[in-house]
Number of protein chains: 2
Amino acid sequence: MENSYFNGISCPNEYVLALKDTLNVITGKWKLAIVTTLLFEKKRFSDIQRMIVGITPRMLSKELKELEMNGVVVRKVYDSTPVLVEYELTDSGKKLKHIIDTLVQWGLEHREQAIAAFAEAEA
Amino acid sequence: MENSYFNGISCPNEYVLALKDTLNVITGKWKLAIVTTLLFEKKRFSDIQRMIVGITPRMLSKELKELEMNGVVVRKVYDSTPVLVEYELTDSGKKLKHIIDTLVQWGLEHREQAIAAFAEAEA
DNA sequence: TATAGCAGTATACAAAAGGATACTGCTATA
DNA sequence: TATAGCAGTATCCTTTTGTATACTGCTATA
């Protein structure tokens, strides 16, 4: 396994790429919101739009395409009339729950300390 | 504990805020790079700048201020001559290692599947 | 036949994030 | 006394990200 230098620290190349991949998937204003609604169950475009308050169809379309490109979501088209489209998480997508939990956990543990630090920095 | 609606899903208000806090800390082009270099040991401004290839002093300064505001980093000024400034992770900051590990882990597990999905979406 | 819903796209714009470059005041060292 | 290093700041610009608004083609239902 080859190593690369990330911030002067030698570490496996894959680690750096893996980190970038993950960040790619979870950053973006609506990405985690979309993933969260889909964790429950697969949904249609208009369902998602209704559940996520404030999202425009343009952004929903864009984010869904990126999630699909990244293998987090699959778009299923049923050729009924009228056409039915459903968005569903892949296995990888479902595993994002663990990441979300970890992020929430850190946030909870950190919250009080952060508030204190912020108050101090303000003063 | 009060609940709020996140994407139409009822969940504790704190969870949503906690998630936002964490995302605030880890998003930004250089945030995790800075945290990673500091995980090793505390460092001076110019040390960090040397280790993170490509970062400008402007961005480093900006990101460090935000990390400090968020209680992830502490800025220590020793009034020697010339003045010595050191940046160090707080306890919360050190705990970000767990998040980074989780992100890398997901990325590694996901990588092969993602590549396949991408190839398919292209075709 | 008019209306509403589905699944989006198109165009234009505003805001946020990040980059390039130059500069500051300080001091230790050659 | 000139130079280099420390710890940044200031100004301007480009790129990326996200918003607003209108529109498309299709079809089921009233």
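Proteins come first, then strands; the chains are lettered A, B, ... in the order of their sequence lines, and each starts at number 1. Atoms considered below: every heavy atom in the structure, side chains included; atoms not considered: hydrogens, waters and symmetry mates.
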Notebook entry, point to check: Counting N and O atoms only, with roles assigned by atom type, does the side chain of His110(B) sit under 3.5 Å from a partner on the main chain of Asn70(A), one being a donor and the other an acceptor?
Noted result: yes
Check: In terms of the nearest nucleotide of DNA chain D, which residue is placed more toward the 5' end: Val83(A) or Lys62(A)?
Finding: Lys62(A)
Next item on the list: Report the residue (Arg50(B) or Thr81(A)) whose heavy-atom-nearest nucleotide on DNA chain D is the more 5′ of the two.
Entry: Arg50(B)
Note to self: Could you write out DNA chain D as dot-bracket? Rules: Watson-Crick or G-U wobble, both distances under 3.5 Å, brackets [ ] for crossings, | for pairs with another strand, dot for unpaired.
What the structure shows: ||||||||||||||||||||||||||||||
Next item on the list: Ignoring hydrogens and angles, answer whether the base of dT21(C) and the side-chain atoms of Arg58(B) contain a donor-acceptor pair closer than 3.5 Å.
Entry: no
Next item on the list: Would you grab the first and last nucleotide of DNA chain D (5' to 3') that comes under 4.0 Å of any non-hydrogen atom in chain A?
Entry: dG18(D) to dA28(D)
Margin query: How long is the straight-line distance from OG of Ser61(B) back to CD of Glu66(B), given to the nearest 0.5 Å?
Written below: 10.0 Å
Next item on the list: Hey, could you give me the CD1/CG distance between Ile26(B) and Leu96(B), rounded to the nearest 0.5 Å?
Entry: 8.0 Å
Notebook entry, point to check: Counting any heavy atom closer than 4.0 Å, what does Pro57(B) reach on the DNA or RNA strands: base, sugar-phosphate only, or nothing?
Noted result: base
Notebook entry, point to check: Touch check for Gly28(A), heavy atoms < 4.0 angstrom, all strands: base, sugar-phosphate only, or nothing?
Noted result: sugar-phosphate
Margin query: Quick one, Leu108(B) and Val104(B) - any side-chain contact, counting heavy atoms below 4.5 Å?
Written below: yes
Extract all donor-acceptor atom pairs below 3.5 Å that involve side chains of residues 83-90 of chain A and protein atoms in other chains or at least two apart in sequence.
residue, atom, partner, partner atom, Å
Glu86(A), OE1, Tyr78(A), OH, 3.2
Tyr87(A), OH, Arg75(A), NE, 3.2
Glu88(A), OE1, Lys76(A), NZ, 2.9
Thr90(A), OG1, Gly71(A), O, 2.7
Thr90(A), OG1, Val72(A), O, 3.2
Thr90(A), OG1, Ser92(A), N, 3.4
Thr90(A), OG1, Gly93(A), N, 3.1

Could I get the full list of side-chain hydrogen bond (donor to acceptor under 3.5 Å, both in side chains) partners for [X], not counting sequence neighbours?
{"X": "Asp101(A)", "value": "Lys97(A)"}
{"X": "Glu63(B)", "value": "Lys31(B)"}
{"X": "Asp47(A)", "value": "Arg50(A)"}

Notebook entry, point to check: Which heavy atom of Lys43(A) sits nearest a heavy atom of Thr37(A), and at what distance?
Noted result: NZ-O, 2.6 Å
Checklist line | dT9(C) OP1/OP2 closer than 4.0 Å to side-chain N/O of Ser61(A) | finding: yes
Next item on the list: Starting from P on dA14(C), measure out to CE on Met59(A) and report it in whole angstrom.
Entry: 18 Å
Checklist line | Closest-nucleotide ordering on DNA chain C, the 5'-leading residue of Pro82(B) and Arg44(A) | finding: Arg44(A)
